[in-house]
Amino acid sequence: MIKLFVPGRLCLFGEHTDWAGHYRTMNADIAPGAAIVTGIEQGIYAEVEKSSLFEVQSTAPEIDDHWQDFACRMDEQELKRIAKAGSFFCYCAGVASYMLEWYKVGGVRIKITSMTLPIKSGLSSSAAICVLVARAFNLLYNLNLNTLGEMNIAYVGELRTSSRCGRLDQACAFGVKPNLMTFDGDEVEVQALNVKKTLYWVFADLCAEKDTVRILRDLNRGYPFASNELEEREQLALGEMNRDIVDRAIKYMANGEVEKLGTLMTEAEALFDSHVAPMCPQELTAPKLHAVLADPQIQPLVYGGKGVGSHGDGSVQFLARSAEAQQQLADYLNQQGLKAYTLTIKPVHTVRRAIIPVAGFGTRLYPATRGLKKDFFPIPCPDGMVRPVILILLEELVQSGIEEICLVLGNEEERQQYANFFERPLATEHLNKLNKESQEYENRILDIGKRLRYVYQKEKRGFGHAVYQAAQFARNEPVLLMLGDTLYRSLTNKPCALQLIEQYERYNRLIVGLYPVENNAVSHFGIMTGVWEDKDERILNVSTLCEKPTPAYAEEFLGVRNQKGEKEYCSVFGQYILTPDVFLQLEADIKRADEENSTHEIELTSALEAVRSRIGMMGVRLNSQRFDMGNPAALVDTIAKFSHL
């Protein structure tokens, strides 16, 4: 059995641009649509499992007494007939019919355990249940669909009902975070957005009348070719002018300019009223919406507000000034007879700490490691300097904005080597022999030393055990993990670690750097497989992580298809961003091993795979090179190549 949660969705900016952008298939002069859409805190919780039938059941206390459990055969025609019936089940059946037709799947039992998402309130409850059904089939039958694939199937499935949903409704598939959706003809792209400061949203059902069908019918009259000034103004508002507003909204969210974001909401509403509403004045004059937006009791609590969805007297949304103002506003709207809900969009914790395990002896580099730890081996660099491995790694972390770095050592005696290098000033007689540039560089080394912290792995119980020694250092925040016997070179102006951090800030999920290798090398690395989330094939939604598989196993189970249809093998790059869930899993693994008196090593890969199975994991193909130095041949190769740009 698998537990699922799919949220409702709220369009923050860019309503109507999904269908407007679709008209580019007929008129290339129409600007692509763009919308900022976020999942909300309210949604549908369910447990799903395989079945011989297609079944939808509920034990959710929020669903009213009119609910009746539903079951039917996995028969394409019967499912299509139910999809047209107009009940709540029709959405589920529409998706199931598509899955059966195209993927030849078996049945699914869906038990809805909680439904905090209100129905028919402009928050896409129908899209949420469609995404939930698509995801259930995907996970239970290992269809290997990425999130965009699930979203597209949910959309097509809903179209098999009497509903005429827009392309942005299924954005709930991407979870409770804001995304930019771009609509260019038949093409839809989704990009996660950064949020720097907490945003306190309130949205409310106006509990009034509006005719969405008429709104969409009247607004579509202006497409694909405008025949008068009114229609030209509509196309301009939903095209170029909307893109300008969306671009500014993205900037304000990323920079934490909350007040400007609220003012932009009011500006967007004014643009809609002047350029779009005249196409359907009977519905879009919206007296109740505008009365609420202008309510003098609300103004001190908010930065701005606007309509939702198709607009009209359907729903309203506000950006509140604080958590206290958010709650006061929700209470006030409820007192006015509306149905108000809160949405808090939180920034992702930026990654401020890093861990480098360097506790290993370096057996394969013996006897050199008898007198010198392998992370102090000298490496010629492109600028002519010869740096120890550890200094190269630490400089990359500092350049990536890391503030504190924890080195995992084998014992307390080893610390003296690092203290001598990073904390003790160079003797004056040696300093005076250096040129001015090298003397200034000496200060950089000492500055790095101020960032270092140390923990010790006194028992050699595996790599995962070494990483866990830094759990207290991580302080329940995301932390970057870097291998101590691997060098990294970015092929852009951003260090590899910074590339990884930026992707974490977009996805807010366990992140693993990936690096393509040939099949005959897979047995040396952790290998991951999954599906690409983007057209550029840089972001992998990981479905399996396997430690050092055989080439035969990788050939059969771990290849990732690229756009050419060829199999690629994605190894772990050697840099990770670990979430607090990873340390909790390592703690559980260590505790279980202790209780069983097990001598098995505590592996990081198994902990990552356990977290992935519950929460998910993203692999990121970095624009970079990787240099191993864990054995003599690799060390020779690294020394030969690393010094050249």
Side-chain angles (χ1 to χ4, degrees), residues 139 142-146 357 360 364 462-464 466-467 480-488 496 499-500 503-504 507 509-534 536-579 581-582 585-586 589 600-631 633-634 637-638:
L139 295 177
N142 299 315
L143 302 181
N144 217 27
L145 298 167
N146 63 10
R364 290 178 295 177
F463 186 57
V467 171
L480 190 143
L481 172 65
M482 179 182 281
L483 300 185
D485 59 359
T486 305
L487 294 177
Y488 315 93
C496 302
Q499 293 179 48
L500 208 62
Q503 294 304 325
Y504 172 78
Y507 290 95
R509 192 181 294 183
L510 171 62
I511 297 281
V512 179
L514 65 84
Y515 196 76
V517 295
E518 297 296 326
N519 178 260
N520 58 13
V522 295
S523 59
H524 300 293
F525 304 101
I527 302 295
M528 65 190 90
T529 188
V531 289
W532 297 112
E533 284 286 299
D534 61 329
D536 297 331
E537 297 183 344
R538 304 198 70 82
I539 308 298
L540 186 74
N541 194 332
V542 180
S543 60
T544 302
L545 177 60
C546 183
E547 180 69 14
K548 298 180 180 178
T550 64
Y553 184 88
E555 169 71 26
E556 185 170 0
F557 298 108
L558 300 177
V560 181
R561 296 284 181 183
N562 59 25
Q563 291 179 348
K564 298 178 181 179
E566 303 165 337
K567 283 186 180 180
E568 292 185 334
Y569 301 94
C570 301
S571 74
V572 172
F573 178 67
Q575 294 188 10
Y576 317 69
I577 293 182
L578 307 181
T579 59
D581 301 282
V582 175
Q585 183 63 48
L586 287 170
D589 292 347
H600 288 100
E601 292 191 341
I602 307 299
E603 293 294 346
L604 178 65
T605 300
S606 59
L608 297 179
E609 174 62 11
V611 173
R612 181 212 61 77
S613 67
R614 296 194 306 268
I615 301 172
M617 175 196 299
M618 308 304 290
V620 179
R621 188 201 298 259
L622 304 176
N623 194 345
S624 60
Q625 293 175 311
R626 177 180 68 189
F627 299 89
D628 183 19
M629 50 155 293
N631 61 72
D637 188 61
T638 294

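Bear in mind that the values here come from a model prediction, so they are computed numbers and not experimental data.
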Residues Met629 and Thr486: closest non-hydrogen pair is CG-N, 4.4 Å
Any non-hydrogen side-chain atom of Arg538 less than 4.5 Å from a side-chain atom of Asn623? yes
Listed by chain and number, what are the salt bridge (charged side-chain N to carboxylate O under 4.0 Å, His left out) partners of Glu547, not counting sequence neighbours? none
Check whether any side-chain heavy atom of Leu558 sits under 4.5 Å from a side-chain heavy atom of Tyr553, and report yes or no. yes
I need the Asn142 CG to Thr544 OG1 distance, nearest 0.5 Å. 8.5 Å
What are the two closest non-hydrogen atoms of Cys546 and Thr605, and how far apart are they? C-CG2, 4.4 Å
Using side-chain heavy atoms (C-beta onward) and a distance below 4.5 Å, is Asn520 in contact with Pro551? no
Regarding Gln585 and Arg614, do their side chains bring together a donor and an acceptor under 3.5 Å, going by distance alone? yes
Write down the atom of Gly619, the atom of Val542, and the distance for their closest heavy-atom approach. N-CG2, 3.5 Å
Does a salt bridge link Arg621 with Glu568, judged by any charged N lying under 4.0 Å from a carboxylate O? yes
Report the C-alpha distance between Ile527 and Val517 in whole Å, list the side-chain angles of each, state the deciding distance to 0.1 Å, and finish with yes or no for side-chain contact (heavy atoms from CB on, under 4.5 Å). CA-CA 9 Å; Ile527 302 295; Val517 295; 4.2 Å; yes
What's the shortest heavy-atom distance between Ser571 and Met528, and which atoms? O-CE, 4.0 Å
Nearest 0.5 Å, what's the CD-CG distance between Glu533 and Leu540? 8.5 Å
Just by distance, do the side chain of Thr638 and the backbone of Asp628 share a donor-acceptor pair under 3.5 Å? yes
Are the side chain of Asp589 and the backbone N or O of Ile602 linked by a donor-acceptor pair below 3.5 Å? no
ring-ring contact (aromatic ring centres under 6.0 Å, His included) with Phe573: which of Tyr515, Phe627, Phe525? Tyr515
If we count only N and O atoms by modelled type, under 3.5 Å, do the side chains of Glu555 and Tyr569 hold a donor and an acceptor together? yes
Within the structure provided, determine whether Ser543 and Thr529 are in side-chain contact (heavy-atom separation under 4.5 Å). yes
Test of understanding: with salt bridge (charged side-chain N to carboxylate O under 4.0 Å, His left out), list the residues that count as partners of Glu609, not counting sequence neighbours. Arg612
Verify side-chain contact (heavy atoms from CB on, under 4.5 Å) between Leu604 and Tyr576, making sure each step is shown before the conclusion. CA-CA 11 Å; Leu604 178 65; Tyr576 317 69; 4.3 Å; yes
Does Gly574 offer a backbone N or O that forms a donor-acceptor pair with the side chain of Tyr488 under 3.5 Å? yes
Kindly determine whether Val611 and Met617 satisfy side-chain contact (heavy atoms from CB on, under 4.5 Å), including the steps that lead there. CA-CA 8 Å; Val611 173; Met617 175 196 299; over 6 Å; no
Judged by atom type as modelled, is there a donor-acceptor pair below 3.5 Å linking the side chain of Asn541 to the main-chain atoms of Val531? no
Rounding to 0.5 Å, atoms OG (Ser624) and CD (Gln575) come to a distance of 7.5 Å
Does Lys548 NZ have over 12 foreign heavy atoms under 6.0 Å away? no
Check each of Leu608, Ile577, Asp581 against Leu510 using the side chain to side chain contact (heavy atoms under 4.5 Å, CB included) test, and report the only one that passes. Leu608
Within-4.5 Å side-chain heavy-atom neighbours: Gln499 and Val620: no
So, for Thr579 and Arg509, which heavy atoms are closest and what is the spacing to 0.1 Å? CG2-C, 4.0 Å
Separation of Leu487 CG from Cys496 SG (nearest 0.5 Å): 10.5 Å
Compare every heavy atom of Ala554 with every heavy atom of Asn519, then report the nearest pair and how far apart it is. ND2-CB, 3.9 Å
Straight-line distance of Ile511 CD1 to Leu578 CG, nearest 0.5 Å: 11.0 Å
How far does CD of Glu566 sit from CZ of Arg561, to the nearest 0.5 angstrom? 9.0 Å
Trace of the side-chain contact (heavy atoms from CB on, under 4.5 Å) decision for Val572 with Leu545: CA-CA 9 Å; Val572 172; Leu545 177 60; 4.0 Å; yes
